[in-house]
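To start, the structure under review is shown below, and the notes come after it.
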Amino acid sequence: MNRVPGDAENAHSSSVESCPSLRDVHSINPAQLMARIESYEGREKKGISDVRRTFCLFVTFDLLFITLLWIIELNVKGGIETTLEKEVLQYDYSSSYFDIFLLAVFRFKVLILAYAMCRLRHWWAIAFTTAVTSAFLLAKVIISQLFSQGAFGYVLPIISFILAWIETWFLDFKVLPQEAEEENSKLCFGISPLSLQLAMCHPILSGRRMLLSASQSLAG
């Protein structure tokens, strides 16, 4: 008669003791536990961190700002239609700014695909875009005749170069370290969806354990 309750209690004790994260959760007061649960659920619902979203917004700003400067340059040179035909259809590497606009589109597509859609956690994608941008702009400044075309010969290459390196700095020193820190804190804290469910069910399990102990004492 005593074997069934004893076996059930042993099985229950082994299942609870096999989850060290559960003990860690219950070592925290209820207010901290609920705050952790809410923050965890919030991150799961958002799917992308705030700092990564800010990075994606800055990449979008990069594209829009270069596009705006290029459109202003087209207007300054004597009208959008005439200058657009000259810079796009009659493209000349030494005098056209169209390639700088395409470079911004290239950065936008690669970075959004890598860090927004694929949610990459490595620096190789932005290292590639920054290297391509830097090499292309340096070659264009050395070989082309942009400096003889007025202020935009300085502004567009310099702004494009600066924005590319700001994106690299922001990802390498803000996005990736902060996300890694959040992931490490989550692992160190030991909270997972399973442990949270066990934590919520722990009072029920404790009540069952007390009933089993009471039945054992009565049977003895």
Side-chain angles (χ1 to χ4, degrees), residues 42-43 46-78 80 83-84 86-187:
R43 286 195 297 266
K46 287 189 294 186
I48 185 171
S49 64
D50 294 335
V51 66
R52 185 178 290 258
R53 186 183 297 108
T54 304
F55 170 77
C56 294
L57 287 175
F58 187 80
V59 172
T60 306
F61 167 78
D62 176 12
L63 174 63
L64 295 178
F65 189 54
I66 295 298
T67 303
L68 177 64
L69 290 178
W70 184 51
I71 293 174
I72 294 174
E73 182 267 337
L74 293 176
N75 272 323
V76 169
K77 281 189 173 181
I80 293 181
T83 312
L84 190 63
K86 181 180 178 181
E87 289 200 1
V88 177
L89 299 180
Q90 303 173 5
Y91 171 75
D92 184 7
Y93 176 79
S94 61
S95 60
S96 178
Y97 296 96
F98 179 60
D99 46 13
I100 297 180
F101 165 74
L102 291 181
L103 198 61
V105 174
F106 162 75
R107 286 197 305 273
F108 174 80
K109 288 185 175 181
V110 173
L111 296 179
I112 292 297
L113 176 63
Y115 297 109
M117 300 179 67
C118 298
R119 298 177 188 174
L120 190 67
R121 294 191 175 185
H122 201 273
W123 48 263
W124 67 263
I126 198 166
F128 174 69
T129 58
T130 304
V132 171
T133 299
S134 301
F136 182 86
L137 291 176
L138 287 174
K140 189 173 183 66
V141 167
I142 294 173
I143 298 174
S144 67
Q145 304 172 356
L146 294 180
F147 290 162
S148 62
Q149 300 184 26
F152 281 97
Y154 300 88
V155 172
L156 272 174
I158 292 175
I159 293 296
S160 182
F161 186 85
I162 291 175
L163 289 176
W165 279 97
I166 290 177
E167 290 166 355
T168 304
W169 172 84
F170 190 78
L171 181 79
D172 198 24
F173 288 91
K174 295 294 183 180
V175 179
L176 298 182
Q178 184 169 331
E179 289 185 345
E181 183 179 353
E182 290 179 357
E183 190 69 22
N184 290 335
S185 63
K186 190 193 302 181
L187 293 175

Heavy-atom pair with the smallest gap, counting every atom of Phe101 and Ile66: CA-CG2, 4.1 Å
Side chain to side chain contact (heavy atoms under 4.5 Å, CB included) partners of Phe65, counting only residues at least two apart: Phe61, Leu69, Ile159, Leu163
Between CG on residue Leu64 and CG on residue Leu68, distance to nearest 0.5 Å: 8.5 Å
Those residues that, when tested against Trp165, pass side chain to side chain donor-acceptor pair (under 3.5 Å) (two or more places apart): Ser134
Could you list the donor-acceptor pairs under 3.5 angstrom formed between side-chain atoms of residues 135-144 and any protein atom two or more places apart in sequence or on another chain?
unit_1: Lys140; atom_1: NZ; unit_2: Tyr93; atom_2: O; d: 2.6
unit_1: Lys140; atom_1: NZ; unit_2: Ser96; atom_2: O; d: 3.0
unit_1: Lys140; atom_1: NZ; unit_2: Asp99; atom_2: OD1; d: 3.3
unit_1: Lys140; atom_1: NZ; unit_2: Asp99; atom_2: OD2; d: 2.7
unit_1: Ser144; atom_1: OG; unit_2: Lys140; atom_2: O; d: 2.2

From CG (Leu84) to CD (Gln90), nearest 0.5 Å: 11.0 Å
Distance, nearest 0.5 Å, that separates CG of Leu103 from CG of Leu156: 11.0 Å
Point-to-point distance, once rounded to the nearest 0.5 Å, from CZ of Phe161 to CD1 of Ile166: 11.0 Å
All salt bridge (Lys or Arg N to Asp or Glu O under 4.0 Å) counterparts of Asp92, not counting sequence neighbours: none
Under 3.5 Å: donor-acceptor pair, side chain of Tyr97, backbone of Pro157: no
Interatomic spacing from CG in Leu176 to CZ in Arg52 - rounded to 0.5 Å: 6.5 Å
Nearest atoms (heavy-atom pairs only) where Thr83 meets Leu74: OG1-O, 3.2 Å
Phe55 vs Val59 side-chain heavy atoms within contact, under 4.5 Å: yes
Test item: Arg119 side-chain N/O and Ile48 main-chain N/O as donor-acceptor pair under 3.5 Å: no
Exercise: identify the closest heavy-atom pair between Tyr115 and Ile126: OH-N, 3.3 Å
Heavy-atom closest pair, residues Thr133 and Ala164: CG2-CB, 3.9 Å
Enclosure of Tyr91 OH (heavy-atom neighbours >12, cutoff 6.0 Å): yes
Test salt bridge (Lys or Arg N to Asp or Glu O under 4.0 Å) applied to Lys86 - qualifying residues, sequence neighbours left out: none
Side chain to side chain, Leu102 and Trp70, heavy atoms closer than 4.5 Å: no
side-chain hydrogen bond (donor to acceptor under 3.5 Å, both in side chains) partners of residues 54-66, not counting sequence neighbours, each pair once: Asp62-Arg107
Nearest-0.5 Å distance, CD of residue Glu73 to CD1 of residue Ile80: 10.5 Å
